[in-house]
Each structure stands twice: as C-alpha cells, then as structure tokens.
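The chain is numbered in sequence order, starting from 1.
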Amino acid sequence: MEGLFDVPGAGGPAPGTGSLSANTHASAPLAVRMRPRTLDELVGQSQLRAPGSPLRQLIEGDRSMSLLLWGPPGTGKTTIASIVSQQTQRRFVEVSAVAAGVKEVRAAIDAARSELARGGQETVLFVDEVHRFTKAQQDALLPGVENRWVTLVAATTENPFFSVISPLLSRSLLLRLESLTDDDIVAVVDHALADERGLDGAYTLDDDARDHLVRLAGGDARRVLTYLEAAAGAAAGTHIDLPTAETAVDQAAVRYDRQGDQHYDVISAFIKSIRGSDADAALHYLARMMEAGEDPRFIARRLVISASEDIGLADPTALTTAVAAAQAVQLIGMPEARLNLAQATIALAVAPKSNAVTVAVDAASADVRAGKIGQVPPHLRDAHYSGAKKIGHGSTYVYPHDEPFGLAEQQYAPDVVQDARYYRPTALGAEAAVKERWERIRRLVRGR
C-alpha cells in the first residue's frame, strides 16, 4: 500500500516519485485520507513522539537530518516521512526500491539539487523498502545525504545492520518503530469512523465486528483501514455488523479472546494434544490461535516448555526443535513463522513422551523446600583460594577424568539426601538408553 497511490508532483520529479500531499481527495483510499498530518496525530510510537525526542527535534527545529526507519509494515514509516515533509515545508519525493534503479535515484537527487540551486524548497526523499536496494543503489544515495541536497527518509522492515550499507547507516538517525497494539488499532478505527476525512460518522460498527477487524489487522494500521473501508462498502445500510465484516474481508471471525477463557482453553487443549501425541488435533488448535491473531511468541514459549515437560530425554532433539522455532518466530515473524510453529508442533506431538524430567526437578525442589539442604561435602567445596586445603576443602576430591571410564566413586549429594532418587528415567524412546546408562553410572558412583 505504501507508495501505491502516488501522483506526480508539480515539479516533474523522476520516474517512480510522487507527493503524498495530493492524495487527500474524496476518492482516495481511506488509509490514504486518514494518514496523520502531524506528529501528534500519529498513533503509537510514543517513544518517537515524546517531548525532546530526536524526531520531534528534527521536525519542530526544522533540522536537516537523514532518517532510517525500521519497523513492521503499517507502523507509520511512510507517514513519518510525510509528516517531516509537511511540517517542515519540504517537497516530498518518493522512490520505491522495488521499481527504481540507480538512474532513478540519481535523477531524484539531481532534481532536488536543482531545486535548491534555484532557491526553492528543500526535498524529503523517501525510499521505501531500502533493504531491496543493491549496494550500488544505496551508494547512489550518499552524495545527496552527505551534501544535504535531500533529507533522506529510508524505510525498511529488515534489520538495517544487515541490509543497509555502513556509510549510509552512519549518516542517518536510526529510529525503531514498534508494532501497534490492539488499543492503537482500535483508536485508528474509531478515529476513521468519526473523522470528516474518513467515514464522517456515517456508519456505526458493532463491537464484535471491530474486534474481528482488529484481530485480522495484526498491528497494521493501513490494513485495518482497508478492511474497514471494505466493510463499509459491503454494508446494506449505515450499520456494520460481524457478518458484514466477515463477508468484506472474506474471512470468518474466530471466536477467541486473548484475555479470556478461549485463550486459556485453546492453549490448554493445544498442549494436551501434543502430550497425547495427536498431531492433527494439535495443528487444529495451533491454526485457531494463529488465525485469531494470538501472539506467536506465546505459542513458541509453550512449545519450549512442552519439549522438556512432556518429552524430555525421550527425544533430546525436541527442545532443540522448539527453541529453533521460537528463534525463527523472532527472526522472521508472521505469517511465515507459522511454518516453523507447525513443524515444531508436529515434531513434539509425534515424539516419544516422558515426564521424568518434570518429576525429577519437582521432587528435588520439594526436598529443598522441606529443609533437606545439608552441608556440601568438604571434598566438593571450592579449593581455589589460599588456605582452602588447610581446612580440608577439596583435599580428598577424586578427579573423574583420571579414573577408568571417567567415573569416580565418591559422595556428591549432602548426607540428608544421599539416598534420594529424583530422576527415574522411563523406557520410552531415547530415554531407554539413558535409563540403562544412568542406573549403571549411579551404582558405580555410589559404590553399590
């Protein structure tokens, strides 16, 4: 959507450029008409709007400084570029990294330089998806930035430390934009319903329809306004109910409250299906959560817990798989990360199960809480300081690596729990081999 509705500027900018200031006519998309005009109208990003923040200083002090905006789609990157342009009375020129090459970049910078030479306006050059530019294309931006022929505002959804060349990164102020919260998206919807630039109070929206649109938006303000406009167009009258919202976006509402019973019931069913080795049922509950907009990090955390709680050493790779899925969620985000979550869900569901790890740590904790602490055996105490051996610390310690099979017969646990048996491995999956080895080791170490 960003840059989709550009119209050529009066000054005849280079191909692929445009001015957002002209996109305020009644036929423009709702997302374009409702674009914030000032920093105070921007929803979310409180860290960027705070008094004294670098962005506010740049706008209110009319300073020439290049910006690098990093954040998810629909969080206000294009909007911030437009605000910088409008509030500082600069021309706005956009170059899309998807369609433009070095020639277009240089043409835009040359046009801005000529405008300055004629005593005209300064130019805000907005480069959307700058991470798609090659090194040569990013290099072409440097003269305009270094000589301040343009105020560069570059937007990226990728980590700029990996996708933007160092010279450009060092010459720009990096601003991190956060995903909008549900409350932020609700504020965007309500404002669009009432504002004269939007629906101007012509429609009412049911709460469940609003919740449906907010869930589907996934923190993207532009997307929710597109959905709202579609729902208004599909409404028979001036009332937008849930069936209308479902029809407009061609997706049924999932009955799911992230703070209510459904949140806890579905995640409980998800984990219990994995524990019960029903991969199909687990995938069903995973899909319900994802379609309802559940935080994928929450799902990933539960998978990591399940890998140790319900599988443990019956399949030692389960934890590795779950952690990898959690890292993938952080690295690539949704919707692609649904594949990683699904892979981990299936892997954990079909894995052999053992709760021996859970039982072991619970039993050990119960003894500690009951006061079974005891003194650390003297030969295990720290002996790395002067005088330690004089008081018997470490003097009789047997170094296992010097013994046959790497095992030394000596006491490790305090006297009070010397005979405790916490870890009781099962004969399931890979833990069967662990069980056999652990029982043999335990006898050798304890001299039995």
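For the side-chain hydrogen bond (donor to acceptor under 3.5 Å, both in side chains) criterion with Arg210, the lone passing option out of Asp206, Asp208, Asp207 is Asp207. Among the candidates Thr320, Thr321, Asp315, the single residue satisfying the side-chain hydrogen bond (donor to acceptor under 3.5 Å, both in side chains) test with Thr317 is Asp315. A side-chain contact (heavy atoms from CB on, under 4.5 Å) with Trp149 is found for exactly one of Thr151, Val145, Asn147, namely Asn147.
Using a 4.5 Å cut-off on side-chain heavy atoms (C-beta onward), Leu42 and Leu48 make no contact. You'll find the side chain of Val189 stays beyond 4.5 Å of the side chain of Leu213, heavy atoms only. Looking at heavy atoms from C-beta onward, Val93 lies in side-chain contact with Arg91 at the 4.5 angstrom threshold. The shortest side-chain heavy-atom distance between Val95 and Phe126 does not fall under the 4.5 Å cut-off. Using a 4.5 Å cut-off on side-chain heavy atoms (C-beta onward), Thr204 and Ile240 make no contact. Side-chain atoms of Ser163 and Thr156, non-hydrogen and from C-beta on, do get closer than 4.5 Å to each other. Proximity of Leu67 to Leu152: side-chain heavy atoms (C-beta onward) are nowhere separated by under 4.5 Å. Counting heavy atoms from C-beta outward, Phe270 and Met289 have side chains that approach closer than 4.5 Å.
Taking 4.0 Å as the cut-off between side-chain N and carboxylate O, Glu431 and Lys435 do not count as a salt-bridged pair. For Asp40 and Arg56, the salt-bridge test passes: some basic side-chain N is under 4.0 Å from an acidic carboxylate O. Taking the charged nitrogens against the carboxylate oxygens, Glu146 and Arg171 do have a contact shorter than 4.0 Å, which makes a salt bridge. Taking the charged nitrogens against the carboxylate oxygens, Arg215 and Asp211 have no contact shorter than 4.0 Å, which rules out a salt bridge.
Minimum interatomic distance between Lys353 and Ala314 (heavy atoms only, all atoms of both residues): C-CB, 4.0 Å. Across all non-hydrogen atoms, the minimal contact from Pro72 to Thr75 is O-OG1, 2.7 Å. What you find for Val164 and Gln138 is that their closest heavy atoms are CA-OE1, 3.3 Å. Nearest heavy-atom pair, Asp310 versus Ile271, reported as atom, atom and distance to 0.1 Å: OD2-CG2, 4.1 Å.
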(request) Evaluate the side-chain contact (heavy atoms from CB on, under 4.5 Å) criterion for residues Thr123 and Leu116: first the C-alpha distance (whole Å), next the side-chain angles of each, then the deciding distance (0.1 Å), finally the verdict. (result) CA-CA 8 Å; Thr123 299; Leu116 282 177; over 6 Å; no
(message) Using side-chain contact (heavy atoms from CB on, under 4.5 Å), reason through Leu348 and Leu303 one step at a time and then give a plain yes or no.
(response) CA-CA 8 Å; Leu348 269 59; Leu303 287 170; 4.0 Å; yes
(request) Walk me through it: do Val357 and Asn355 pass the test side-chain contact (heavy atoms from CB on, under 4.5 Å)? (result) CA-CA 5 Å; Val357 169; Asn355 70 342; over 6 Å; no
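When the shell of 6.0 Å around CD of Gln47 is examined, it contains more than 12 heavy atoms from other residues, nucleotides or ligands. Within a 6.0 Å sphere centred on CZ of Arg275, heavy atoms belonging to other residues, nucleotides or ligands number more than 12.
No side-chain donor-acceptor contact under 3.5 Å links Asp362 and Ser365. Side-chain contact, Thr79 with Arg35: a donor N or O sits under 3.5 Å from an acceptor N or O. The closest side-chain donor-acceptor pair between Ser82 and Gln86 falls under 3.5 angstrom. A donor-acceptor contact under 3.5 angstrom links the side chains of Thr134 and Gln137, judged on distance only.
Here the CE atom belonging to Met334 is positioned 9.5 Å from the CG atom belonging to Asn340, to the nearest 0.5 angstrom.
Ring geometry for Tyr423 versus Trp438: interplanar angle of 30 to 60°, hence tilted.
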